[in-house]
Participant: 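Shown below is the structure under consideration.
Chain identifiers are assigned alphabetically (A, B, ...) following the order of the sequence lines, protein sequences preceding nucleic acid strands; residue numbering begins at 1 within each chain.
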Amino acid sequence: MEHIRGSIMRSLEGAIRKLVDSNRLCADVLDHLSSIALEVPKDARHGEFATPMALSLAGVARKAPREIASLIVEEMEQEGFSSYVERAEIAGPGFINFHLSSKWLVDTIGLVRSRDEKYGCSDYGRGERILVEFVSANPVGPLNIVNARAAAVGDTLVRLLNASGYSAASEFYVNDAGRQVSVLGESVYARYMELEGVDYPFPEDGYRGEYVKDVARKAMEEHGDRISAMDSDDARHFLQEFALNYILDWQRRSLEAYEVRFDRWFSERKLRQTGAVEDMVREMAEAGYTYEKDGAVWFRSSDYGDDKDRVLVKSDGLYTYVAPDLAYHRDKLARGFTKLIDILGPDHHGYEGRMQAGLKAFGHPDGTLEVLILQLVTLMRDGQPVKMSKRAGEFITMDDLLEEVPKDAARYFFIMRNTSSHLDFDLDLAKAQTTDNPVWYIQYAHARCCSIFRQAEAEGIQPTEWEQADVSCLVHPSEIDLVRKMASFPDEVLTAALERAPSRIAKYALELAGLFHSFYTDCRVISDDEAQTRARLALVDAARIVLRNVLGIMGVSAPERM
RNA sequence: GCGCCUGUAGCUCAGGGGAUAGAGCAACGGACUUCUAAUCCGUGGGCCGCAGGUUCGAUUCCUGCCAGGCGCGCCA
């Protein structure tokens, strides 16, 4: 499809240059050539490709849009269209619509089938290394619903980027060195004492979840003897480390069940041990990026676009999270990543200014770090929001969700909305095994493809009979619409990657499945017409490939029967 | 008070300067002797939150306002 687009673009550009050479258009339009847009129209009646360029050139050329359009089309006709273009028409206020000959259809089906699992991939990113950091939940409790959304969005984004020729990696930053870990240790210690029947006060800001008791119980079962032989400081430390490992393992398992695997779990503690944080704070001081006030070390982040300055080292000598986090982002860049994407929850949006300021101070160009803020998720049951209150212990974790809803449905539902929009997650719909459930609907389209091949096999039709089929006999509108949609897949993948918008690919998958179902109803695949049967089997094979590939990008399985 | 996000069909949401603003659900009416009816086809339904501005053209960009969500720590 790219080569078709390219040939039309060149032909358009050539026509415009000729018009300028012969003074039929003024030279100023040449400055606007780079912004030529060749889009795939929403409405099939507007052809396979269309450009609004005559409209956008109207101002510069000081001519009516339709007049410019007809000049361009005449010129293109003189030169002869590329082999794919059958005709070009001027429509509406001045759009130029290109209708392609059946050669593109034949080529598209062939391309899909020859590229197979690679269909949809491009080398656009030229191997640029991008690090996508997401979830990065504190290791003090179970993963929540927003973490689950982040996991689905982040993982899909990494897949989209890799499919678009980038070299993208995923990373989970483990905050295993901060104050929260010691609070966790204190909380577990208090529960442990409770189990031993000792009257011990529960920390004011401790974690009150039931799981803390579970951790204490588990520690007692496995290491009770050792712990009772320790003094209280050692026991506290032991329990802290035990809890940390327990919870990290738990988080890892939750994500594993969700089929989200990180390329790396990056430990804050290990980063600190390398001295990277000290080095950075010292360098910042030497460069004059910091000052001391009230016994603390402040970063002049407001000089670099943040709303106010931030404390790096507290008056008690400990770092705030800002220092190690900045050192972490520096480390990512030092490892050779040239673009960083952080996916954060809505409660962390203020964080962006500090990180951007830090990277700017270190001299990294604007745009090195992109922050994607996910909005909240509301779980809906029986049309009502599910109330969640941490205090009342009514809290639905990611594990709870996955126990109730299949992984495929959860992943799809979490990416189907814009990241910037609040997400209503309909639990009943996600569980439903009906046509209303978009995941089911898409998977069913794939299963239907497979079912057709099972039928063909049962009727003794050998793959060799249709693999080289002549598909130029496919002319039914449902067939053409399906091919059009398949043809745009690589474009859709790239756009979704560049816009950091997994929801686009979710929408594409739904539309593709819809077109397949319409085709299935309108066009009987296996019939007495042998040539048509072969051609349609080839088409179904292509559809099967695209459906499987798009499901794969979303991390959703492609069942062969349902 | 300040910052971020949102406001489009009864509901959930697409679209983000350009063609008649779309989809799914819900409502209503149709389609199976057939490769899975777990599907398909059709009908109705809209001051694109409000008011200005930029533009040949604004639902889209800008400003203000209104409404909702979330933040605003020497917590992460």
Participant: For the C1' atoms, the ones on B:C2 and on B:G15, what distance do you get once it is rounded to whole angstrom?
Facilitator: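 It works out to 32 Å between them.
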Participant: Quick one: A:Ile415 CD1 to B:A14 P, roughly how many Å, whole number?
Facilitator: 13 Å
Participant: Less than 4.0 angstrom from a charged side-chain N to a carboxylate O is my criterion; do A:Lys485 and A:Asp481 meet it?
Facilitator: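 So A:Lys485 does not pair with A:Asp481 through a salt bridge.
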Participant: Can you tell which of B:A19, B:C25, B:A38 lies closest to the side chain of A:Asp436?
Facilitator: B:C25
Participant: Looking at the side chain of A:His422, which of B:C5, B:C74, B:A19 is the nearest nucleotide?
Facilitator: B:C5
Participant: Could you tell me how far B:U60 sits from B:G49 if I compare only their P atoms? Round to whole Å.
Facilitator: 8 Å
Participant: How long is the line joining NZ of A:Lys507 and C1' of B:A23, in whole Å?
Facilitator: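 From A:Lys507 NZ to B:A23 C1': 7 Å.
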Participant: For RNA chain B, please output the secondary structure as dot-bracket, reading 5' to 3'. Pairs are Watson-Crick or G-U wobble, both atom distances under 3.5 Å; mark crossing pairs with [ ], other-strand partners with |, unpaired with a dot.
Facilitator: (((((((..((((....[...)))).(((((.......))))).....(((((..]....))))))))))))....
Participant: If you look at every strand shown and take non-hydrogen atoms under 4.0 Å, does A:Pro346 touch a base, only sugar-phosphate, or nothing?
Facilitator: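 Sugar-phosphate contact only.
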Participant: Counting the atoms with a prime plus P, OP1 and OP2 as sugar-phosphate, which does A:Arg354 contact under 4.0 Å by heavy atoms, base, sugar-phosphate, or nothing?
Facilitator: base
Participant: Using atom P in both nucleotides, what's the gap between B:G69 and B:C13 to the nearest angstrom?
Facilitator: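 Their P atoms lie roughly 15 Å apart.
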Participant: Tell me which nucleotide among B:C72, B:U12, B:U6 gets nearest to the side chain of A:Lys308.
Facilitator: B:C72
Participant: When the P atoms of B:G57 and B:G18 are considered, how many whole Å apart are they?
Facilitator: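 B:G57 and B:G18 have their P atoms separated by 14 Å.
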Participant: Taking only N and O in the side chain of A:Tyr328, is any of them less than 4.0 Å away from OP1 or OP2 of B:A76?
Facilitator: no
Participant: Taking side-chain hydrogen bond (donor to acceptor under 3.5 Å, both in side chains) as the test, write out the residues that go with A:His517, two or more places apart.
Facilitator: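 Result, side-chain hydrogen bond (donor to acceptor under 3.5 Å, both in side chains) vs A:His517: A:Arg448.
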Participant: Would you say a side-chain N or O of A:Arg45 is under 4.0 Å from OP1 or OP2 of B:A19?
Facilitator: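 The answer is no; no side-chain N or O of A:Arg45 sits under 4.0 Å from OP1 or OP2.
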Participant: Do A:Phe95 and the base of B:A19 stack face to face, with centres under 5.5 Å apart and an angle between planes under 30°?
Facilitator: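 Taking the rule of under 5.5 Å and under 30°, the ring of A:Phe95 does stack on B:A19.
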Participant: Is any side-chain nitrogen or oxygen of A:Tyr520 closer than 4.0 Å to OP1 or OP2 of B:A37?
Facilitator: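 Answer yes for this pair, as a side-chain N or O of A:Tyr520 is under 4.0 Å from OP1 or OP2.
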Participant: Which residue lies toward the 5' end of RNA chain B, A:Gly514 or A:Arg448, if each is placed at its nearest nucleotide?
Facilitator: A:Arg448
Participant: Mark yes when over 12 heavy atoms from residues, nucleotides or ligands other than A:Lys360 sit less than 6.0 Å from its NZ; otherwise mark no.
Facilitator: no
Participant: Which whole-number value in Å describes the distance from A:Asn418 CG to B:G69 P?
Facilitator: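 In whole Å, B:G69 P lies 21 Å from A:Asn418 CG.
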Participant: Among B:A19, B:C40, B:C35, which is the nearest nucleotide to the side chain of A:Ala50?
Facilitator: B:A19
Participant: So that I know where these two stand, are A:Phe425 and A:Phe414 an aromatic pair - ring centroids less than 6.0 Å apart?
Facilitator: yes
Participant: Using heavy-atom distances to pick each residue's nearest nucleotide on RNA chain B, tell me which of A:Ala513 and A:Glu459 is more 5'.
Facilitator: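 Final value for this comparison: A:Glu459.
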Participant: Figure out the CE/C1' separation between A:Met380 and B:C25, and round it to whole Å.
Facilitator: 13 Å
Participant: Measure the distance from CG on A:Asp522 to P on B:A37 and round it to the nearest whole Å.
Facilitator: 13 Å
Participant: How far does the P atom of B:A14 sit from the matching atom of B:U33, given to the nearest Å?
Facilitator: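 After rounding to an integer number of Å, I get 40 Å for this pair.
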Participant: Can you tell me the distance, in whole Å, between the OH atom of A:Tyr508 and the P atom of B:A14?
Facilitator: 20 Å
Participant: State which of B:C75, B:G3, B:C40 makes the closest approach to the side chain of A:Arg179.
Facilitator: B:C75
Participant: Could you tell me whether the side chain of A:Ser315 has a donor or acceptor atom within less than 3.5 Å of a complementary atom in the base of B:C74?
Facilitator: yes
Participant: Keeping the roles fixed (side chain from A:Arg149, backbone from A:Gln375), state whether a donor-acceptor pair exists under 3.5 Å.
Facilitator: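 A pair under 3.5 Å: yes.
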Participant: Where the side chain of A:His517 is concerned, which of B:C74, B:C40, B:C75 is the nearest nucleotide?
Facilitator: B:C40
Participant: Rounded to the nearest 0.5 Å, what separates atom CD1 in A:Ile553 from atom CZ in A:Arg548?
Facilitator: 11.0 Å
Participant: Contact class for A:Cys523 vs. all strands (heavy atom < 4.0 Å): base, sugar-phosphate, or nothing?
Facilitator: base
Participant: Respond yes when some side-chain nitrogen or oxygen of A:Ser518 is under 4.0 Å from OP1 or OP2 of B:C41, and no when none is.
Facilitator: yes
Participant: From B:A14, B:G73, B:G18, pick the nucleotide closest to the side chain of A:Leu55?
Facilitator: B:G18
Participant: Applying a 4.0 Å non-hydrogen cut-off, can you work out what A:Arg504 is touching in the nucleic acid: base, sugar-phosphate, or nothing?
Facilitator: nothing
Participant: What do you reckon, do A:His348 and the base of B:A76 stack, with centroid distance below 5.5 Å and planes below 30°?
Facilitator: no
Participant: Using the P atom as the reference point in each nucleotide, state the distance between B:A76 and B:G53 in Å, no decimals.
Facilitator: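 These two P atoms come out 49 Å apart once rounded.
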Participant: With a 6.0 Å cut-off on the ring centroids, do A:Tyr328 and A:Phe266 count as close?
Facilitator: yes
Participant: Between B:C70, B:C75, B:U12, spot the one nearest the side chain of A:Leu376, thanks.
Facilitator: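 Minimum distance to the A:Leu376 side chain belongs to B:C70.
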Participant: Can you measure A:Phe425 atom CZ to B:C13 atom C1' for me and round it to whole angstrom units?
Facilitator: 15 Å
Participant: Would you mind telling me which of B:C35, B:A14, B:C70 lies closest to the side-chain atoms of A:Asp347?
Facilitator: B:C70
Participant: Classify the nucleic acid contact of A:Asp294 as base, sugar-phosphate or nothing, counting any heavy atom under 4.0 Å across all strands shown.
Facilitator: base
Participant: Between A:Phe134 and A:Phe262, does the ring centroid distance fall short of 6.0 Å?
Facilitator: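 Ring centres of A:Phe262 and A:Phe134 closer than 6.0 Å.
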Participant: So, A:Trp466 versus A:Phe453, ring centres under 6.0 angstrom or not?
Facilitator: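 Distance test on ring centres: under 6.0 Å, yes.
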Participant: Establish, with yes or no, whether the OP1 or OP2 oxygen of B:C35 is under 4.0 angstrom from a side-chain nitrogen or oxygen of A:Thr533.
Facilitator: no
Participant: Can you tell me how far P of B:C4 sits from CD1 of A:Ile343, to the nearest Å?
Facilitator: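 Answer to the nearest Å: 21 Å.
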Participant: Of all the choices, B:G69, B:C35, B:A19, which nucleotide is nearest to the side chain of A:Arg524 once you look at every atom?
Facilitator: B:C35
Participant: Quick one: is A:Thr378 getting a side-chain N or O under 4.0 Å of the B:G69 phosphate, OP1 or OP2?
Facilitator: no
Participant: With a 4.0 Å cutoff (strictly under), does any side-chain N or O of A:Lys314 reach OP1 or OP2 of B:C75?
Facilitator: yes
Participant: With rounding to whole Å, what would you report as the distance between B:U8 and B:A58 at their C1' atoms?
Facilitator: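 Nearest-Å result for B:U8 against B:A58 at atom C1': 14 Å.
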Participant: Should the pair A:Asp309-A:Arg354 be classified as a salt bridge under the 4.0 Å nitrogen-to-oxygen rule?
Facilitator: no
Participant: Distance between the P atoms of B:C25 and B:G42, in whole angstroms?
Facilitator: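 The answer is 13 Å between these two P atoms.
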Participant: Touch check for A:Tyr441, heavy atoms < 4.0 angstrom, all strands: base, sugar-phosphate only, or nothing?
Facilitator: sugar-phosphate
Participant: Tell me whether A:Asp541 is salt-bridged to A:Arg113, with the criterion being a basic N under 4.0 Å from an acidic carboxylate O.
Facilitator: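 A salt bridge is present here (some side-chain N lies under 4.0 Å from a carboxylate O).
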Participant: Please tell me whether A:His329 and A:Asp342 have a donor and an acceptor in their side chains that are separated by less than 3.5 angstrom.
Facilitator: yes
Participant: Please confirm whether any donor atom in the side chain of A:Asp325 sits under 3.5 Å from an acceptor in the base of B:A76, or the reverse.
Facilitator: no
